[in-house]
Amino acid sequence: MPQTPLKNREIVLGVTGSIAAYKAADLVRRFQEAGANVTCVMTTSAAEFITPLTLTTLSKRPVLQDMFDRSNKEITHVSLAHRIDAIVAAPCTAHLIAQLAAGFCGDLLTTLILASRVPVFLAPAMHEPMWLHPATKKNAGICRGYGYHLIGPVKGASASGEQGLGRLEEPVKIVEQVTEILHKNIS
């Protein structure tokens, strides 16, 4: 049986505060099916949309939220940055894109992204006017310039029921694109 590019790879799934956060559960499952080990890092806002317990149960690993977890004897963002192969922020909000474009690191996810030297994938999910706003477009361009890979967004129905460009790419497509890029990096 051929080895898949994600076999035994360590993936951080960064989950941010979007209604599309419920798709993180499917992403965990799909990454695991591809052979990856998944550690979830959630922003405070993400926990308003999906519980850490759900992602802990599916990933079989604690969900990381607190950069200053005193029960952990290691510096979380540094130790994690040294043992991962990729970071996938899905869903990725306009807020996260703006933080990354400006180099802000005020929580575990943004600090981890800035502290790591692995491929970073951003899968935006937001209302179409937010995605098309000049500030978001500029920030997304800056993130691309940093070498981050943007996956989507795609056209479809938003939580409000409106159709438009801003929907999170389907989890299967996100995993396919991450796999493709990581495969190129090891070939």
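Any value given below was found using the heavy atoms of this structure, including those in side chains, with hydrogens, waters and symmetry copies removed. Keep in mind that what you see is a predicted model, and the values were worked out from it rather than measured.
With R167 contributing its side chain and A157 its backbone, the two residues share a donor-acceptor pair below 3.5 Å. Under the 3.5 Å distance criterion, the side-chain polar atoms of T110 are matched with a main-chain donor or acceptor of D107. Proximity of a side-chain donor or acceptor of T93 to a complementary backbone N or O of S18 within less than 3.5 Å is not detected. Counting only distance, with no hydrogens or angles, the side chain of E169 and the backbone of I151 share no donor-acceptor pair below 3.5 Å. Side-chain atoms of H133 come within 3.5 Å of backbone atoms of A135 as a donor-acceptor pair (strictly under, hydrogens ignored). Checking side-chain atoms of Q32 against main-chain N and O of L58 turns up a donor-acceptor pair under 3.5 Å.
Shown here for K137 and L132, the closest heavy-atom pair between the two residues is CG-O, 3.8 Å.
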Could you go through the side-chain contact (heavy atoms from CB on, under 4.5 Å) check for L55 and I50 one step at a time?
-> CA-CA 8 Å; L55 297 178; I50 185 169; 4.0 Å; yes
Check step by step if side chain to side chain donor-acceptor pair (under 3.5 Å) holds for T57 and T54.
-> CA-CA 5 Å; T57 302; T54 299; over 6 Å; no
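Salt-bridge formation is detected for the pair R29/D26: a Lys NZ or Arg NE/NH1/NH2 atom is positioned less than 4.0 Å from an Asp or Glu carboxylate oxygen.
No hydrogens or angles considered: nothing links the side chains of T136 and N139 as a donor-acceptor pair under 3.5 Å. No side-chain donor-acceptor contact under 3.5 Å links S45 and T43.
Between the OG1 atom of T16 and the CE atom of M126 there is a distance of 8.0 Å, given to the nearest 0.5 Å. Taking OG1 of T179 as the reference point, atom CZ of R9 lies at 9.5 Å (rounded to 0.5 Å). Distance check: L109 CG to L100 CG gives 7.0 Å after rounding to the nearest 0.5 Å.
Other residues, nucleotides and ligands contribute at most 12 non-hydrogen atoms within 6.0 Å of the NZ atom of K155. Around CZ of F104, the count of heavy atoms belonging to other residues, nucleotides or ligands within 6.0 Å does not exceed 12. No more than 12 heavy atoms of other residues, nucleotides or ligands sit less than 6.0 Å from atom NE2 of H95.
Put simply, the residue from K60, R83, E10 that forms a side-chain hydrogen bond (donor to acceptor under 3.5 Å, both in side chains) with N37 is E10.
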